Protein chains: 2
Amino acid sequence: MECQQLAAMPSTFPVGGALTRMTKTVPEKNRRDTNRSDAPPSSSTEMEARKAAILNAVVSEYIATAQPVGSQHVVHAPGVSVSSATVRSDMAALERDGFLAQPHTSAGRIPTDKGYRFFVDQLGGSASLDTASRQQVRTFFDRAHGEIEEMLNETSGLLANLTDCTAMVVGPTHESSAVRSLQIVGLGPRLALLVVVLADGAVQKQSLEFAEDVDEATLHEAALLLSGVVVDHTLDQHGPVPTIKGRTSLNRVVQVALGGLDSLSAAARSDQLFVGGSSRMATAFDAVDTVRSVLTILEQQLVVVSLLRDILDTGLSVAIGTEHGLEPLASCAIVVAPVSVEGQEVGTIGLLGPTRMNYPLALAAARVVGDQLGQHLAEGSRSEGNR
Amino acid sequence: MECQQLAAMPSTFPVGGALTRMTKTVPEKNRRDTNRSDAPPSSSTEMEARKAAILNAVVSEYIATAQPVGSQHVVHAPGVSVSSATVRSDMAALERDGFLAQPHTSAGRIPTDKGYRFFVDQLGGSASLDTASRQQVRTFFDRAHGEIEEMLNETSGLLANLTDCTAMVVGPTHESSAVRSLQIVGLGPRLALLVVVLADGAVQKQSLEFAEDVDEATLHEAALLLSGVVVDHTLDQHGPVPTIKGRTSLNRVVQVALGGLDSLSAAARSDQLFVGGSSRMATAFDAVDTVRSVLTILEQQLVVVSLLRDILDTGLSVAIGTEHGLEPLASCAIVVAPVSVEGQEVGTIGLLGPTRMNYPLALAAARVVGDQLGQHLAEGSRSEGNR
DNA sequence: CATCAGCACTCACTACAATGGAGTGCCAAC
DNA sequence: GTTGGCACTCCATTGTAGTGAGTGCTGATG
């Protein structure tokens, strides 16, 4: 913290006894800056490469051990063939630049969010799942059957198992899905159920209550009338319903049903969220209030869904610490991946873990499962459409 | 533990240097026994009443403070008008009888599961919700609308809010519900959706896949055939479907749909579980692995449902510690209440908290919400049936 | 004989030094 | 620029009292 301020400070006047340190800080910072804008001298790139290697080594080891990493632990890492003293000096520079932090003097370094960010960025899309996991994903989707909601829920369980993170799966909305069938089923003299089947296989229902007794025939007629204007349109874009003269009772039923359709339309617009493996959060943190606040967030579906969407919209695939807005999740990282069917995003996959989560694994798992899920959904929708 | 063995031991030979203690233990035990069988001397009942008062005071205070309770804290409790020395001797007796335990010598007492059990048993059904909470429940059910699943889910949230426990709501199965409507909606040339509406307002769907292309008319015909034998029966008790000669394609569709009906029948038999406020578990415990193991249990729907049913079947309304079978929940207590519609149990309400949970509140909340929920469900089903 | 004041005792909890060690920053030398 | 050496820092551990809440036991008492 203190060092960060030092580095950010304009080089006006050295503070206290830190003169020598200050004089070293400023050129260091300048070099980095020129490095970015101009053609860098080769010696500098070498330097930068080593620092990157050190940073990576620190992040990797910290992820593995959760212990602050000292210079001694890093000297044997690939790309670092220098003494611990040099590593120390580089680490100090990395700390000044905000990539590393020290819990206290005379302790090792731990990565900051910025450090994790660097680690993740240079990771690229290289990583892949090991064969056992890939096999697990494949058999899962081969055996996947039944209804989509159940499948999405099981997918969240699969992801949680693979990554040891809490997994979130946002299923497709039914917003743009056309109505295939509309039906009104009587349940009581004044009670009926509006049942709508959409082209994507979703079934939505809405109970209808009438002020007067309605017989089955009238319900049937009303359903036919509505079917005429709703089928093959989306729920929110249906045509006007003709009013039948002299049939006040029928018209009233139609009005009630139209209200029901509006409710369904609203419901179709909302996403469905499936969360799996929330117990993993209790394994990841040792502070029980962190667990509590994370669980509290997870209970708010709306928050989670919009969080995932926000991250995806900003083009990120990982949000670390405070990169998303939610403070309760400041010690968490979120890995997201889209689920696409024919180029169109229909869902989101999210993995929630501590900032020191296994990023390569999480990224690979999210990508692979997202792809497979998209493919699986595509198979379902391919056979429709041409009817 | 040791003391418990002592008390259970036949009075043969004093052990070690505990002679004086032993001689005191035995008449103490005998008196308790005669107390139960014969007409007790009045001085003894007084004694027992005081011990009960002390036990209650200890449990109450431990629930409130989570700190071991010393004899000094109990002397001012109602029903205890004796000195701390006498309280101490009573507490020692209560410990020998297994109602209290000491974390270590020279610490106060904490209740054992048996102690909680006594506390809960003598609590009776006296407790009730405070007016604010009662009002909250009432407005909740007044405003409750929409579909049953959503409502049950929100009920779990309400319960969690009221009691600060994790709430579980098991909804009614659709096993005994008659079919009101059956429909087959085509989604693709070889893909269709079987949609069944039950009398209780549940809608079930099952995708059907055919080996060959099937046109809409055939689907409609098949639906009519099936409707004839299924409507007004439960899903698992429908009559045989007539085979139409010379219509192999139709018959094949019917066969596939019958398979779908079997799946639906199985699904109708399974209960639906809604869990709310799982984050409360993280507030209740300070050991993070306890939280993890509890969350792991909560993720297993089947386990939770059968757990609740087991407790309800044994006639209990509270299961404390190890009274249910699950070791991971040994430090938890579970309060259950049935949800009944016209005398028939259609669901279960469960509250999960630490053994030192607020039993009066939890019991009252479970009972009240269970009643209200049953009433609410009854209103829905009353208007059906006579159609 | 149940009750109680008194007393010795136990033991977690806290505070406070002392020690060890992992790790750092700095510097002079290569 | 890199490195070995060195002084320094500070956490973590250990040991040692001291404190206090609480107990069990005992002998006195109505």
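Naming convention: chains lettered A, B, ... in sequence-line order (proteins, then strands); numbering from 1 in each chain. Predicted model only: the values in this text are computed from it and were never measured.
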Taking protein heavy atoms under 4.0 Å as touching, what does nucleotides 4-16 of chain C look like 5' to 3' if B marks base contact, S marks sugar-phosphate-only contact and - marks none? SBB---BBS----
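Put simply, CE on Met281(A) and CG on Leu329(A) are 7.5 Å apart, with the number rounded to the nearest 0.5 Å.
When rounded to the nearest whole Å, the span between NZ of Lys51(A) and C1' of dT2(D) equals 15 Å. Here dG22(D) presents its C1' atom at 9 Å from CZ of Arg109(B), a figure rounded to the nearest Å. Atoms CG (Leu100(B)) and P (dG24(D)) sit 11 Å apart, rounded to a whole Å. Rounded to a whole Å, the CD atom of Glu48(B) is 14 Å from the C1' atom of dA2(C). The interatomic distance linking Asp90(B) (CG) with dA2(C) (P) rounds to 11 Å, in whole Å. Separating the CD atom of Gln102(A) from the P atom of dA22(C) is a distance of 17 Å, rounded to the nearest angstrom. Per the geometry, CD belonging to Gln72(B) stands 12 Å off C1' belonging to dT23(D), to the nearest Å. Look at CD1 on Ile110(B): it is 14 Å from P on dG22(D), rounded to the nearest Å.
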Could you go through Arg117(A) and Asp121(A), starting from their C-alpha distance and side-chain angles, then the distance that decides it, and tell me whether this counts as salt bridge (charged side-chain N to carboxylate O under 4.0 Å, His left out)? CA-CA 6 Å; Arg117(A) 166 54 57 199; Asp121(A) 284 345; 3.1 Å; yes
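Under the salt bridge (charged side-chain N to carboxylate O under 4.0 Å, His left out) criterion, Asp164(B) pairs with Arg280(B), sequence neighbours left out.
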Only distances under 3.5 Å count here; give the side-chain donor-acceptor pairs of residues 60-67 of chain A to other protein atoms, sequence neighbours excluded, each with its distance to 0.1 Å.
from	atom 1	to	atom 2	distance (Å)
Ser60(A)	OG	Asn56(A)	O	2.8
Thr65(A)	OG1	Glu61(A)	O	2.9
Thr65(A)	OG1	Gln67(A)	N	3.2

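Heavy-atom neighbours of Asp289(A) CG from other residues, nucleotides or ligands within 6.0 Å: above the threshold of 12.
Two residues are said to be in side-chain contact when any heavy atoms from C-beta on lie closer than 4.5 Å; Cys332(A) and Phe285(A) meet this criterion.
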